[in-house]
Amino acid sequence: MKKAIVFAPLLLLLIGWNSTDLLDKKIKPKTKKVILLDYTIERSPMLIEVENTHANTNVPTANKMVMDTAVRKFYFLYDNYGQLYTVKSYSLEDDKETNPFRINMKVNNQKQLSIINLENKTDRLELIHKNDLLHQIAHYDPEFDELVINTFTYGNNRLPKRTQLGNIDNPSELIDVSFTYDERQNVKQMIYPYGDTISYDYDLKNYTFGQQPYYYNPFYYLAVDWLIFTNYTPKNNIVKVEDNDSIVTIDYKYNENNMPITAKVTRTNKANTKDISVLNEYEFYYKEIVVSLRD
């Protein structure tokens, strides 16, 4: 009997140790390494007015316009699952960060975007979902004292088919835009009222934000901005944007993972093909992080 009593705590200890060991193995989260965009530098040529100095200050001279380059840096922050939740950007002037802008994405219990805070908590977008798809984006515009709503409808492939934007109290001012897709489910055309269209061509490389559960891209000519925050997930990068007046081309250089590391955006005027201008240049920098896998 005494031996049984002595062995019992030892047996319980062994059982407890094994159970704890098994529990540790069971609850240990699954992880993987992913490569995500860390930060981007955007350069945009611009004309600025400078004072035209003259040796004789009594002689009036007009200011002159000269070309300069605006530089802005974008930082991308991710949660433990690798989901983008904050984007910060700054203008770079004399190696100093100025004119900050920040956007924060909040996720609800269903892992859906619910609130997008812009520069401050009073300036925000509210997102409403229906059938696990983004249904509406609401934004109160204090400048015009109106509530602007963007409403999405979807096709059989659960991709955005149409969106309607404007103040629902003024139906005559609502804007309807529809979308068509190519075989890889990239947006092929964006069709405005009265037949105006924007067409897109793509490369066959990996899309910069391809691992995100929602569509987000802050770079105007590299994105279909009407679909921001929807479930649209392009497979590739835009290389050409064409409308009635111009053709915009984007030339990329890629790394060994087929991810863009630079991009140059150039616009050509259709009415005068010699009228060519560089709109933006980008540098993309990536980082490898370990993320948890969702259940």
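This one's a predicted model, so the numbers in the text were calculated from it and none came from an experiment.
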Only one of Lys253, Arg72, Arg43 passes salt bridge (Lys or Arg N to Asp or Glu O under 4.0 Å) with Glu283; say which it is.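 Going through the options one by one, the only one that passes is Arg43.
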For residues [X] and [Y], determine if any side-chain heavy atom of one lies less than 4.5 Å from a side-chain heavy atom of the other.
X: Phe76; Y: Thr40; result: yes
X: Phe209; Y: Tyr215; result: no
X: Leu134; Y: Asn231; result: no
X: Lys33; Y: Ile289; result: no
X: Glu93; Y: Asn99; result: yes
X: Asn236; Y: Arg184; result: yes

Result of checking Asp201, Thr197, Thr180, Asp182 against Lys188 for side chain to side chain donor-acceptor pair (under 3.5 Å):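 Answer to the side chain to side chain donor-acceptor pair (under 3.5 Å) test with Lys188 among Asp201, Thr197, Thr180, Asp182: Asp201.
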Is there a continuous path of hydrophobic side-chain contacts, each under 4.5 Å between heavy atoms, that joins Ile191 to Val248?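 Shared cluster, no.
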Distance under 6.0 Å and angle within 45° of ring axis: Lys235 vs Tyr202: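 Because its charged atom misses either the 6.0 Å distance or the 45° angle limit, Lys235 does not stack over Tyr202.
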Out of Leu222, Ile261, Thr262, which one pairs with Tyr252 under the side chain to side chain contact (heavy atoms under 4.5 Å, CB included) rule?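 Among Leu222, Ile261, Thr262, the one that satisfies the side chain to side chain contact (heavy atoms under 4.5 Å, CB included) with Tyr252 is Leu222.
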Ile41 and side chain to side chain contact (heavy atoms under 4.5 Å, CB included): which single residue from Tyr282, Tyr285, Phe284 fits?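 With Ile41 as partner, Tyr282, Tyr285, Phe284 yield a single side chain to side chain contact (heavy atoms under 4.5 Å, CB included), made by Tyr285.
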Exceeds 12 heavy-atom contacts within 6.0 angstrom, atom CG of Asn80: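 Incorrect, the count does not exceed 12.
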